[in-house]
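We number each residue from 1, following the sequence as shown. In each ligand, atom 1 is the first atom listed, and ligand 1 is the first ligand listed.
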Amino acid sequence: MRFAVLGSGSRGNATLIEADGTRVLLDCGFPLREIESRLAAVEARPAELSAIVVTHEHGDHVAGVARLALRYGIEVWASPGTWKGASKATSAAESPRLRLFPSHTRKLRIGALTLCPIPVPHDAREPCQFVFEGDGRRLGVLTDTGTVTPRICEALRDCDALMLECNHDPELLRTGPYPASVQQRVGGAFGHLSNAQAAALLARIHHSGLGRLLLSHVSLQNNRPELAIAAMRGAVSGIEPQFAEQDRCSGWLDV
Ligand SMILES: [Zn+2]
Ligand SMILES: [Zn+2]
């Protein structure tokens, strides 16, 4: 199994996951032209995507989903709540082909990939994150959650690679440019994970088989890479975190 982060952050998210000939795009928060060019950067053709899977209806995850799906006839997988919210966030007039699943579903099968949805506390209708299984490997993806729940901890054990939200540093958020209401939203129980919250989660689920850690959904205004890295190094030893960037594709990464 391998994956490529095509962009990560509040200005757009998309990640490509591949196992044994099945390619799934997780979220598409970019306009059609932009996602076409980001896919081309890893030599992926939109028409060959097996599915687009959507975590929740915020624009940075869903803005380009309907256009891409309709243009290339790709199925969209989402929770019913997410799709209800998404129809407001997307500008496409018609609906793509949908495969709706309750966010509490234990396992979904898309070709050679098995997806385990994880319901998360985030200010959307029915948000979830995922563990992807394929080729005997496990990739955990956790962004856009305000709190770490027992279900999240349980689901992310035994991952071989992990994309983990390190959204903000609370002090930079407090003194940063966001209005007070947005600060409260981002730092609240249904917002985004701080460096310290992410580090505490990492300490609980870390094991010797976790070979790759990608710090994701990092705020450009309210965080700094060195603070996120210091938090991770304080939580576990012997880990070399990488960053998922907003404007640069990660290239293919093995799980
Ligand atoms: Zn987001
Ligand atoms: Zn969100």
Return all side-chain donor-acceptor pairs below 3.5 angstrom for residues 107-114, not counting sequence neighbours, or 'none' if the list is empty.
from	atom 1	to	atom 2	distance (Å)
R109	NE	G111	O	3.1

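Using a 4.0 Å cut-off between charged side-chain N and carboxylate O, E36 and R45 make no salt bridge. Ion pair R11/D247 flagged as a salt bridge, since at least one NZ, NE, NH1 or NH2 atom sits closer than 4.0 Å to an Asp/Glu carboxylate oxygen.
Closest to the Zn ion (ligand 1) among the N, O or S atoms of D144 is OD2.
Among the atoms of H56, no N, O or S atom falls under 2.8 Å of the Zn ion (ligand 1). Within the coordination shell of the Zn ion (ligand 2), defined by N, O or S atoms under 2.8 Å, D123 is absent. At a threshold of 2.8 Å, the Zn ion (ligand 1) has a backbone or side-chain N, O or S atom of H217 nearer than that distance.
Vertex the Zn ion (ligand 1); arms to H61 atom NE2 and D60 atom OD2; angle 90° (nearest 10°). Here the angle at the Zn ion (ligand 2) defined by NE2 in H122 and ND1 in H58 stands at 90°, rounded to 10 degrees.
The aromatic rings of F130 and F132 are tilted relative to each other, their planes meeting at an angle between 30° and 60°.
For residues 154-168, the side-chain hydrogen bond (donor to acceptor under 3.5 Å, both in side chains) pairs, not counting sequence neighbours, are E165-H192.
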